[in-house]
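Fair warning: this is a prediction, and the values are worked out from it, not measured in the lab. Reminder, nothing fancy here: chain letters follow the sequence lines and each chain counts from 1.
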Amino acid sequence: MLFNSYGRELSEFVPIDPEHVRVYSCGPTVYNYAHIGNLRAYVFVDTLRRTLAWKGYDVTHVINITDVGHLTSDADEGDDKMEKAAEQQKRTVWDIAAHYTEAFQRDLGRLNIMSPSIWSKATDHIQEMIAFAQKLEDQGVTYTLEDGVYFDTSKVASYGKLGLLDLEGQEAGKRVSGPDGKRNPSDFAVWRFSPTDKQRLMEWHTPWGIGAPGWHLECSVMSTKYLGKMFDIHTGGIDHRQVHHCNEIAQNQAHACTDHPGANWWMHNEFLVLRDSEKMSKSKGNFLTLQTLVDRGIHPLVYRLFLLTASYRSNLEFTWEALDGSRANLRRMLLRVQRLRDEVGPADWLRIASEAKYQSGGPFTYIRNALCAGLDRALTGYVNALDQAISNDLHTPQVLVKLGEILDHKKMPAEQALRLVALYDLVLGLNLLVTDPADLALRPASATISDEEINALIAQRTEARKAKDFAASDRLRDQLAEAGVAIKDGPTGTEWEWVVAGA
RNA sequence: GGCCGGAUGGCAGAAUGGUUAUGCAGAGGAUUGCAAAUCCUCGUAUCUCGGUUCGAUUCCGGGUCCGGCCUCCA
């Protein structure tokens, strides 16, 4: 069961091709770093992909990179975002695009998000976009104004169905100072002309004039090119539901002369929200990046776990306290897994489990069978529980509850528990089997003390403790604590870890 | 202003017409030179006003507050 924004209902997922699912995800505009809210969209898609792989489907997944600058502010005025970034940083628009694309892909990697089958860049598809726009013109759904070619949304009968748009009300409450001559307030640019007196950094010749493509065109073109006119799932943030995707659908329908919106399922993730603070906005620059978290010593997978504790369709409030809760939780889970691994030792099936990491698109069937093969029949209930939870619109919170039960289970043999953990991690993607709990606390960017100094102080303290000079020992401990280092005396010696500040 | 969605313990967050998950924080115990970490045990919650109902946190309506879209955005 997956929730379809197109119609707003849960329904049983049935792919067009019984073995192969085609998914398109709206990607970022690469004029700045992705913030942690942006990244929620891709953890959501990754959960979707892992669920499909778990179900035995082969998946072709496309994520686009929008490297054409769209406008910073008003529908008609304002600067091109890419050009603005290029001017500010004194680099070419192409350097800007490459830099932020790379940063984005790196973030996905750190969050253990599987790479898409295809990355598609808008600028690689300009000629196809022109051809698509020409077809739209042939269909008679466009008109040309002074500043661009516009799509006439009144020509599409079901325009706005996805967004439940109230076109009448929209007109009444209209605040947008759009260009003169638009036939309907919801009409949008298919192609935008460059100003006559100024050459833009990114512009292309077209039959209508020189300019840049409208924002919605690229997704229509690239999804059609790689996945066909009809494919299974199109994902994006909830903010795309009312405008971007409605416009994309209108283009698809006009282009293909059909009522079909292009994708059968339209899925949207809700926002990450910050309490008591303005909405994080890439164009305003007030945002937290994954690197911000890493600089504080927080491992990216902690953030991934934090996202998985909520349904992708709920607003999720970001607080440092909650994030710290996920850190503590992940740490404890990893400690238990480590204990299980020590008890079980090396095993072939463990090596098979780690193969999921190198897989890009294929089903998990083989891995799943290898892990289930050695599972006690009495424990298959846990596998069913996992399957049920994710089949219920990717309900990861419930998956985490069951995982907690497995890890807390008093009587389950270690090998059995570990097999279940491996199965659960196929879907959760938390790298539970390969992450050392000690790796979770990263060196904060603010730390000034070196590892050598830490080890020297610990050695001193060990001497003091041997001499039962506890006053000196405690002084050294305080000194380390001040430097951000927590120490733990165990039976095998003293260990240390970075203290991760909550707020 | 219009349209859409939400409000659950200290924090985050599930579920549900009758018994309200889970994680973190907190409390008690074990352990420890003392701590930390770890292990065991435990308490606490459904925004507000009406309605439907034997019974509502859940369904319906009003209010308040919050979020999204209407303009580039995950």
Please confirm whether the shortest side-chain N or O distance from A/K410 to OP1 or OP2 of B/C40 is below 4.0 Å. yes
Suppose we call two aromatic rings close when their centres sit under 6.0 Å apart. Are A/Y33 and A/Y100 close by that rule? yes
Just to be sure I understand the rule, does A/T235 reach a base, reach only the sugar-phosphate, or reach nothing, if contact means heavy atoms closer than 4.0 Å? nothing
Ignoring backbone atoms, establish whether A/S314 has a side-chain N or O less than 4.0 Å from OP1 or OP2 of B/G13. no
Please classify the nucleic acid contact of A/L39 as base, sugar-phosphate, or nothing, using heavy-atom distances under 4.0 Å. nothing
Candidates B/G67, B/G10, B/G33 - which lies nearest the side chain of A/V273: B/G67
Can a donor-acceptor pair under 3.5 Å be found between the side-chain atoms of A/R477 and the base atoms of B/A35? yes
What contact category does A/H268 fall into here, base, sugar-phosphate, or nothing, at under 4.0 angstrom with non-hydrogen atoms? nothing
Under 4.0 Å, counting only non-hydrogen atoms across every strand here, what does A/H244 touch: a base, just sugar-phosphate, or nothing? nothing
I want to check one thing: is the phosphate of B/U38, taken as OP1 and OP2, less than 4.0 Å away from some side-chain N or O of A/R331? yes
A/H245 vs A/H234 aromatic rings, parallel, tilted or perpendicular, using cut-offs 30° and 60°? perpendicular
Shortest non-hydrogen separation from A/F188 to A/Q251 and the atoms involved: CE1-OE1, 3.3 Å
Closest non-hydrogen atoms of A/M202 and A/V68, given as atom of the first, atom of the second and distance, are SD-CA, 4.0 Å
Side-chain contact check for A/R339: nearest option of B/A14, B/C39, B/G68 is B/C39
Looking at A/K182 and A/D187, is there a salt bridge between them, counting it only when a charged N and a carboxylate O are closer than 4.0 Å? no
On RNA chain B, nearest-nucleotide positions of A/L335 versus A/G27: which is more 5'? A/L335
Does A/F271 lie flat on the base of B/A74, that is, centres under 5.5 Å apart and planes under 30° off? yes
Scan every strand shown for a Watson-Crick or G-U wobble partner of B/U71, both distances under 3.5 Å, and answer none if you come up empty. none
Phosphate oxygens OP1/OP2 of B/C39: is one of them under 4.0 Å from a side-chain N or O of A/R336? yes
Would you mind classifying the nucleic acid contact of A/L305 as base, sugar-phosphate or nothing, using non-hydrogen atoms under 4.0 angstrom? nothing
Determine the contact category for A/R465: base if any of its heavy atoms lies under 4.0 Å from a base atom, sugar-phosphate if only primed atoms, P, OP1 or OP2 are that close, otherwise nothing. base
Regarding A/R461 and A/Q479, do their side chains bring together a donor and an acceptor under 3.5 Å, going by distance alone? no
Parallel, tilted or perpendicular for A/W266 and A/H268, by the 30°/60° rule? parallel
Detail all sub-3.5 Å separations between protein N/O atoms and N/O atoms belonging to nucleotides 21-23 of chain B.
residue : atom : partner : partner atom : Å
B/G23   : O3'  : A/N329  : ND2          : 3.4
B/G23   : O2'  : A/N329  : OD1          : 3.2

Tell me which nucleotide, if any, is Watson-Crick or G-U wobble paired with B/G61 when both distances must be under 3.5 Å. B/C49
Give one of base, sugar-phosphate or nothing for A/A310, where a contact means two heavy atoms less than 4.0 Å apart. sugar-phosphate
What distance, rounded to whole Å, do you find between the two P atoms, one in B/G23 and one in B/C39? 12 Å
Under 4.0 Å between any heavy atoms, over every strand shown, what does A/R461 touch: base, sugar-phosphate, or nothing? Just pick one. base
